Amino acid sequence: MILKYKTGNLPPNFIYLGVMLFGVSIWRMAVLDWKGLLIFVISLLCLFIKSGIIIDTDKRRLKRYIGFFAIRRGEWENIKSLINLQIIKTRETQVMSVLSISRTETDDVFKLIMVLPHKEIELLSGKNDFIIKAANEISLELQTSVLNMTIDEIKL
C-alpha cells in the first residue's frame, strides 16, 4: 500500500505573488510580448510547487519529494530496519518583520518522527489531531508501535 502525505506548499505570500504574476503574464501574452511566457512559468512555479512524503509499505521504503503538478522528485530511502514511530511536542518561534514593526509568535508543534537504528527521519509536523491520525495510519500499515513523547496526555 502507498501512503501519501503533503507536507507543505510555498508560504501564502508566494501564492499571492503567483496569482499576481499569472494575471500579468496573461496581459503580457495578450499584447504579444514574449516576456509573458517567462512570467507565466514563474507564476506556475509559485502556485503549484509542493513537498511531501510517500511511504511504500509493501517494499518498506520512504520518499521525501518536491513536486510540481504530478512530477515528484526525490530519493527512496530504505526503512526496513524501522524501530518505531515517535510523537514529540516542540515549541517553535517565528519572527515576522515588516519595516519597523516586528512580531514574534510561539506555537506548540507536534512532530512525527520515524526512528531507525542509525538515524531519525522527521515525517510530519502540525497539530496534534493530524499527527495522531497519521501516526495511527502509518503504524498500522508498517506494523510498528507509536511512542508518544509529549508532555500532555494524548490518547492514541
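Only a predicted model underlies this, so the values are computations on that prediction, with no experimental measurement involved.
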*Just wondering, do Arg60 and Leu82 contact through their side chains at under 4.5 Å, heavy atoms?*
yes

*CG/Leu112 to OH/Tyr5 distance, rounded to the nearest 0.5 angstrom?*
8.5 Å

*asked:* Restricting to side chain to side chain contact (heavy atoms under 4.5 Å, CB included), what partner residues turn up for Ser100, sequence neighbours left out?
replied: none

*According to the salt bridge (Lys or Arg N to Asp or Glu O under 4.0 Å) rule, which pairs have a member within residues 92-104, sequence neighbours left out?*
Glu92-Lys111, Arg103-Glu105

*Taking all atoms of both residues into account, what is the closest heavy-atom pair of Ala134 and Leu124, and its distance?*
CB-CD1, 3.5 Å

*Other than Ile2, which residues form its hydrophobic cluster under the rule that side-chain heavy atoms must be closer than 4.5 Å?*
Ile54, Tyr65, Trp76

*Using the test side chain to side chain contact (heavy atoms under 4.5 Å, CB included), find all partners of Leu140 that sit at least two apart in sequence or belong to another chain.*
none

*Between the side chain of Asn78 and the main-chain N/O of Lys80, is any donor-acceptor distance below 3.5 Å?*
yes

*side chain to side chain contact (heavy atoms under 4.5 Å, CB included) partners for Ser102, two or more places apart*: Ser97

*Could you state the interatomic distance from CD1 (Ile88) to CD1 (Ile113), rounded to the nearest 0.5 Å?*
3.5 Å

*asked:* Quick check: do Leu85 and Ile138 have side-chain heavy atoms less than 4.5 Å from each other?
replied: yes

*Could you check Arg91 against Asp107 for side-chain contact (heavy atoms from CB on, under 4.5 Å), going step by step and ending with a plain yes or no?*
CA-CA 6 Å; Arg91 295 186 65 83; Asp107 290 326; over 6 Å; no

*How long is the span from the CG atom in Leu142 to the CG atom in Asn84, to the nearest 0.5 Å?*
11.5 Å

_With sequence neighbours excluded, residues passing ring-ring contact (aromatic ring centres under 6.0 Å, His included) with Phe40_ = Phe22

*asked:* Looking at every heavy atom in both Cys46 and Gly18, which two are closest together, and how far apart are they?
replied: CB-CA, 3.7 Å

*Output the distance between atom CG (Leu45) and atom CG (Leu21), rounded to the nearest 0.5 Å.*
10.5 Å

*By salt bridge (charged side-chain N to carboxylate O under 4.0 Å, His left out), which residues pair with Lys119, not counting sequence neighbours?*
Glu77

*Pairs involving residues 127-139, ordered by first then second residue, that meet salt bridge (Lys or Arg N to Asp or Glu O under 4.0 Å) (sequence neighbours left out)*: none

*Pairwise side-chain contact, Leu62 with Ile121, heavy-atom cut-off 4.5 Å (strictly under)*: yes

_Donor-acceptor contact below 3.5 Å, side chain Thr144 vs main chain Ile83_ = yes

*Separation of Ile53 CD1 from Leu123 CG (nearest 0.5 Å)*: 4.5 Å

*Does anything in residues 19-34 pair up under side-chain hydrogen bond (donor to acceptor under 3.5 Å, both in side chains), and if so which pairs, sequence neighbours excluded?*
Arg28-Asp33

*Taking the side chain from Thr7 and the backbone from Gly52, do they hold a donor-acceptor pair closer than 3.5 Å?*
yes

_If you count every heavy atom of other residues, nucleotides or ligands that lies below 6.0 Å from Phe14 atom CZ, does the total exceed 12?_
no

*Beyond-backbone contact of Met1 with Leu3, side-chain heavy atoms, under 4.5 angstrom*: yes

*asked:* Does anything in residues 37-47 form a salt bridge (Lys or Arg N to Asp or Glu O under 4.0 Å)? List the pairs, not counting sequence neighbours.
replied: none

_salt bridge (charged side-chain N to carboxylate O under 4.0 Å, His left out) partners for Arg61, two or more places apart_ = Asp56

*Mind checking the OG1-CG spacing from Thr90 to Asp108? Nearest 0.5 Å is all I need.*
8.0 Å

*asked:* Using the side chain to side chain contact (heavy atoms under 4.5 Å, CB included) criterion, which residues pair with Arg73? Sequence neighbours excluded.
replied: Ile71

